[in-house]
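Comments concern the structure below.
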Amino acid sequence: NLTGIFLTNEIMEKGSLNFLNGEVTVEDLFLKPERVNEAIRPVLFSLTSRGTPKKRGIDLIPARPKSMHLKKDLDNITTGLDTGALDRGQLKVALSCIRRTATRRYDYDYCLIDFPPAANVLTKDCLGAADYVLSPATMDRSAKEGIASLFAIIADVKEEGNPNLELLGIVPVTFDKRFAYDTQSLDSLQENEHIINTPIRTSSDVKWASEFGIPLAYNKKTAPVTRDYKELVSVLLEKMGDNE
């Protein structure tokens with residue numbers, strides 16, 4: 001979903017995400033991690049309906065929709081990692097191969113790895129490349145079950161080769177204080193010591209941001225949900241020891 005949201009302008013220009021069939025994407029990096037510089041593309045967006053899309057400090061390594069994977073789909077990659085046909089730790093190798101070039105300055109403060117919470121070898125490969133884990137928790141019963149599964153996955157990854165992996169926290173999301181169920185769910189989640197007590201409220205502004213591919217911090221600077229995210233970022237920077 002993140003690829004579709006952030007490449008909104010290219011999708012509109014080229015008709016669909018099919019153009020990624022001719023590009024290097026994250027799937028290719030599990031096969032040839034040294035091609036990572038070819039996979040990095042700037043995120044372009046305009047702040048007005050008639051403005052010119054511009055670079056604004058975010059780069060993306062896209063992923064193909066599953067319908068486009070063909071023989072190099074994630075299922076095959078997962079199987080390859082699991083059976084040893086592919087080397088484990090490929091994503092970590094890829095990130096280590098990022099190099100500055102004459103035309104592109106890859107000076108990143110943070111790299112966010114977005115992946116589903118599935119308990120499989122692909123998820124473990126992603127976590128093997130990470131320093132921290134940040135997990136959202138929705139206001140429903142599945143949140144507690146997901147947290148328990150996450151703890152087990154992190155324990156496995158720490159034992160299998162990334163001992164410094166740290167759970168940065170669990171963030172309550174889509175919280176609506178008007179509903180007693182959400183309030184009770186939040187109270188229940190807060191019994192866990194890893195919960196970050198800055199719940200992200202539910203808001204249509206988030207949906208509009210996704211629709212137009214423009215981060216909230218740019219198009220809804222003063223919205224309540226944007227303030228939620230800014231507060232969350234402050235907490236995360238403090239937890240990581242980066243207060244600048």
Side-chain angles (χ1 to χ4, degrees), residues 1-9 11-12 43 45-49 51 56-58 60 63 65-66 109-119 123 126-127 130 132-154 166-240 242-243:
N1 290 340
L2 190 63
T3 295
I5 290 169
F6 270 163
L7 298 187
T8 294
N9 288 290
I11 294 169
M12 293 176 63
V43 173
F45 55 89
S46 170
L47 302 183
T48 62
S49 59
R56 301 182 191 273
I58 304 171
L60 172 75
K66 190 160 186 176
D109 296 310
Y110 300 98
C111 172
L112 306 181
I113 305 171
D114 180 33
F115 60 90
T123 293
C126 291
L127 289 175
Y132 300 100
V133 183
L134 181 66
S135 176
T138 53
M139 297 296 100
D140 54 46
R141 179 178 177 178
S142 63
K144 278 193 171 182
E145 297 171 359
I147 290 172
S149 175
L150 177 65
F151 287 164
I153 296 171
I154 291 174
E166 180 180 339
L167 177 59
L168 197 57
I170 298 165
V171 185
V173 297
T174 64
F175 173 69
D176 193 330
K177 65 180 180 181
R178 297 173 299 175
F179 300 130
Y181 183 89
D182 282 22
T183 302
Q184 291 176 12
S185 295
L186 181 61
D187 288 343
S188 179
L189 285 172
Q190 287 173 336
E191 295 174 3
N192 189 299
E193 62 177 326
H194 297 287
I195 292 294
I196 297 177
N197 194 22
T198 55
I200 306 299
R201 71 194 76 194
T202 188
S203 171
S204 60
D205 287 330
V206 175
K207 296 177 181 178
W208 283 115
S210 298
E211 178 73 20
F212 295 110
I214 304 174
L216 286 168
Y218 286 94
N219 77 327
K220 291 289 183 179
K221 294 182 179 180
T222 60
V225 69
T226 306
R227 293 200 300 270
D228 291 346
Y229 276 111
K230 287 183 176 179
E231 183 179 353
L232 172 62
V233 169
S234 296
V235 171
L236 297 179
L237 290 177
E238 184 175 353
K239 287 172 74 71
M240 291 187 292
D242 186 350
N243 298 312

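- In this structure, Thr174 and Asp182 approach most closely via the heavy-atom pair O-OD2, 3.6 Å.
- For Thr198, the side chain to side chain contact (heavy atoms under 4.5 Å, CB included) test picks out Ile196, Glu231, Leu232, Val235, with sequence neighbours left out.
- In this structure, the side chain to side chain contact (heavy atoms under 4.5 Å, CB included) partners of Leu47, at least two apart in sequence or on a different chain, are Phe45, Arg56, Ile214, Tyr218.
- A 4.5 Å side-chain heavy-atom check between Thr8 and Phe212 finds every atom pair outside the cut-off.
- Closest non-hydrogen pair, Leu189 versus Thr138, comes out as CD1-O, 4.3 Å.
- Between Ala223 and Asp205, the shortest heavy-atom contact is CB-OD2, 3.5 Å.
- In this structure, Arg201 CZ and Arg227 CZ are separated by 6.0 Å, a value rounded to the nearest 0.5 Å.
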- Task: Start with the C-alpha distance between Trp208 and Leu216, add both sets of side-chain angles, then the distance that settles side-chain contact (heavy atoms from CB on, under 4.5 Å), and finish with yes or no.
- Result: CA-CA 9 Å; Trp208 283 115; Leu216 286 168; over 6 Å; no

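- With values rounded to the nearest 0.5 angstrom, Ser188 atom OG is found 9.5 Å from Met139 atom CE.
- A heavy-atom distance below 4.5 Å is not found between the side chains of Leu168 and Val133.
- At distances below 3.5 Å, not a single donor-acceptor pair connects side-chain atoms of Asp176 with backbone N or O atoms of Thr202.
- In this structure, the side chain of Thr3 engages the main chain of Ala63 through a donor-acceptor pair within 3.5 Å.
- Within the model, atoms NZ of Lys239 and CG of Leu134 stand 9.5 Å from one another, a figure rounded to the nearest 0.5 Å.
- The distance from atom CD1 of Ile5 to atom OG of Ser210, rounded to the nearest 0.5 Å, is 4.0 Å.
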- Task: Test Leu167 against Tyr132 for side-chain contact (heavy atoms from CB on, under 4.5 Å), laying out the working first.
- Result: CA-CA 6 Å; Leu167 177 59; Tyr132 300 100; over 6 Å; no

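- Between Ile195 atom CD1 and Ile170 atom CD1 the span is 4.5 Å, to the nearest 0.5 Å.
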- Task: For side-chain contact (heavy atoms from CB on, under 4.5 Å), just list the numbers for Ile200 and Phe175, CA-CA rounded to whole Å, side-chain angles, deciding distance to a tenth of an Å, and then say yes or no.
- Result: CA-CA 6 Å; Ile200 306 299; Phe175 173 69; over 6 Å; no

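- The number of heavy atoms from other shown groups lying within 6.0 Å of CG (Asn1) does not exceed 12.
- When the ring-ring contact (aromatic ring centres under 6.0 Å, His included) test is applied to Phe179, no partner is found at least two apart in sequence or on another chain.
- Taken from OH in Tyr229 to OG in Ser234, the straight-line distance is 14.5 Å, to the nearest 0.5 Å.
- Side chain of Ser185 to backbone of Tyr181: a donor-acceptor contact under 3.5 angstrom is found.
- A 4.5 Å side-chain heavy-atom check between Ser135 and Ile147 finds every atom pair outside the cut-off.
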- Message: Is there a side-chain contact (heavy atoms from CB on, under 4.5 Å) between Asn197 and Gln190? Walk through the geometry before answering.
- Response: CA-CA 7 Å; Asn197 194 22; Gln190 287 173 336; 2.5 Å; yes

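- Between Lys220 and Thr226, the closest heavy-atom pair is O-OG1, 2.5 Å.
- Between Lys177 and Thr183, the shortest heavy-atom contact is O-OG1, 3.9 Å.
- Closest of all the heavy-atom pairs between Lys221 and Lys230 is O-NZ, 3.5 Å.
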